[in-house]
Amino acid sequence: MKQPACGPVVLCDTTLRDGEQTAGVAFSLAEKRAIARALEGAGLAEIELGVAAMGPTEIAEIRSLAADLRHAAPVVWCRLRPEDFEAAAACGVRRLHVAAPASNRQMAGKLRVGADWVRRELAAWVGRATQAGFAVSVGAEDASRADPAFLADLAGVAARAGAIRFRLADTLGILDPFGAHDLVAGLLPRLALPLEFHAHNDFGMATANTLAAARAGASHLSVTVNGLGERAGNAALEEVAAVMAALGRPTGIALDQLCALSDLVARASGRPVPVAKPIVGDAVFTHEAGIHVDGLLKDRATYESAALPPERFGRAHRLVAGKHSGLAGLSRALAEAGLPHDEATLRTLLPALRDWATREKRWAGPGDLAGLMAALAQR
Ligand SMILES: CC(=O)SCCNC(=O)CCNC(=O)[C@H](O)C(C)(C)COP(=O)(O)OP(=O)(O)OC[C@H]1O[C@@H](n2cnc3c(N)ncnc32)[C@H](O)[C@@H]1OP(=O)(O)O
Ligand SMILES: O=C(O)CCC(=O)C(=O)O
C-alpha cells in the first residue's frame, strides 16, 4: 500500500500578493517591507512580492523589497502575457510565477481562448523566461474545476519548457479535503515537477485541504499570514505551520514568531485577528470552564495536547474566572489575585461571579474579583 507522504514541506508565502488582493486591503511600502522582513525572519523560503503588471510603482516596490531579502527567494506573479514578463524582468528578481487558466470556464469565459492557446502560450512564455535565466513556477488557475488530464498535460508543457514547479490552485475554494487529496494523488504520478497546492477558504477548508494535499504528496504549500486573501482568504501560515509541526513534518518555520507576524499583518491590513483564531488568537490558550480548569490544575495533559503546547508558539496557557468557573478555578484565580479563597468565600462568590459575567460578557480579572468581593462584603 502507498504510504502517505511525510518529510519536509516548503511553505510559500503569498501575503503580499494574494493576501493584498483581499478587497480593501492595501499595504504601504513600509508595511510591505516590515512584513517581508518578518516573513524571512520566521524562515519562509519563498515570498511572493506582488504583481509587476500593476505598473511602475509596484515594480519599484518589488525591486526594493527583493533587494532587502537575504535568504528568502522573492517571487513575482505574472499572467501569461509578454508585457507581464517585461514588467517582471524589470523587478530585479530571478524567480517568476506565471498563472495559466486551466478550466474550460476560465479559458473560454475570461480569455476567450481554447486549450491549445494556453498550451502554446505557456510553452513560449516559460521557455522565453527560462532561457533568459529566470526560474519559473507555473500555476494552474481554477485547477479544481479543470479536467485532470488537461492539468497533467499543462504540467508536461511546463516541465518541457523548463519550469521548476507546478501549482494547483483551488481558486474558488470549492474543494474538500477528500477532493484535494484525490486531485493531488491522482496527478502526482503523472508529473515530472514538484507540486504546490494553493488553497482558498470559501468553505472554511483551506487548511484542511492544504494538509490533505501535503499528505497526498504536494511538497510546496501556499500560505498567507492570518489566512488573508481573496474573499474568505487562503490557508493560514500559522495553522499550516502548526499542524505540520504536530505531524513532525519539518517546515523550517520559527513557530515562536507567528504571533508577532500575525499582529503585524493584522495592523497593516486593517483586519483584526479574531480572538478564537487558531494559534494566534488572543483567547485560544485560555480556559474558564470549571471541569477543564480543575483537570488542567491536576494534570495539564487532560485538556492540553502535546501536539499543540502554547509554549511552542511563545505563548502560555491562561486560566481565568468567569461564568463557567467551578470552585477549583475560582480558588486559583483568587489566590493569584492575592484574595481570600477559603471555601465559604468561594461558595458565596461563585453565584455573584456568574451574574456579573452574564451582565459584563467577559471573564473577571483580579480587579473585577476584588470589586465583587468588596460588594459582597457590603451586603
Ligand atoms: C486567482 C488570482 O488571484 S489571479 C491574480 C489576481 N490579481 C490581480 O488581479 C492583481 C491586480 N490586478 C491589476 O492590477 C490589473 O488587473 C492588471 C494590471 C493585472 C491588469 O489590468 P488591466 O490591463 O486593466 O486588465 P483588467 O484588470 O481589466 O483585466 C484583466 C486582463 O487580464 C487577462 N488575464 C487574466 N488572467 C490572465 C492570465 N492568466 N493570463 C493572461 N491574461 C490573463 C484578462 O483576460 C483581461 O484581459 P483583457 O482585458 O484583454 O480581456
Ligand atoms: O497563480 C496561481 O498559481 C494561483 C493564482 C491564485 O491566487 C488563485 O488561483 O487562487
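Order of appearance sets the numbers: ligands from 1, and atoms from 1 within every ligand. Because only heavy atoms are used, hydrogens play no part in the values below, and waters and symmetry mates are left out as well, while side chains stay in.
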Is it true that R81 and E121 have a side-chain N and a carboxylate O under 4.0 angstrom from each other? no

Pairing of E288 and R332 as salt bridge, 4.0 angstrom limit: no

Between T130 (side chain only) and F134 (backbone N and O only), is there a donor and an acceptor less than 3.5 Å apart? no

For a side-chain contact (heavy atoms from CB on, under 4.5 Å) with H198, tell me which candidate from N234, L168, D170 qualifies. N234

R315 NZ/CZ over F285 ring centroid, <6.0 Å and within 45° of normal: no

Without hydrogens or angle criteria, can the side chains of S137 and R165 be said to hold a donor-acceptor pair below 3.5 Å? no

Closer than 3.5 angstrom, by distance alone: can the side chain of S64 be matched with the main-chain N or O of A60 as a donor-acceptor pair? no

Indicate yes or no: does D368 engage R362 in a salt bridge with an N to O separation below 4.0 Å. yes

Measuring from each atom of ligand 2, which residues have a heavy atom under 4.0 Å away? R17, D18, W77, H97, A99, G139, E141, R167, A169, T171, H198, H200

Establish whether V10 and L258 are linked, either directly or via other cluster members, by ILVMFWY side-chain heavy-atom contacts under 4.5 Å. no

Which protein residues have a heavy atom closer than 4.0 Å to any atom of ligand 1, listed by chain and number? R17, Q21, V51, A53, M54, W77, R79, L80, R81, A99, P101, K110, L111, E141, T171

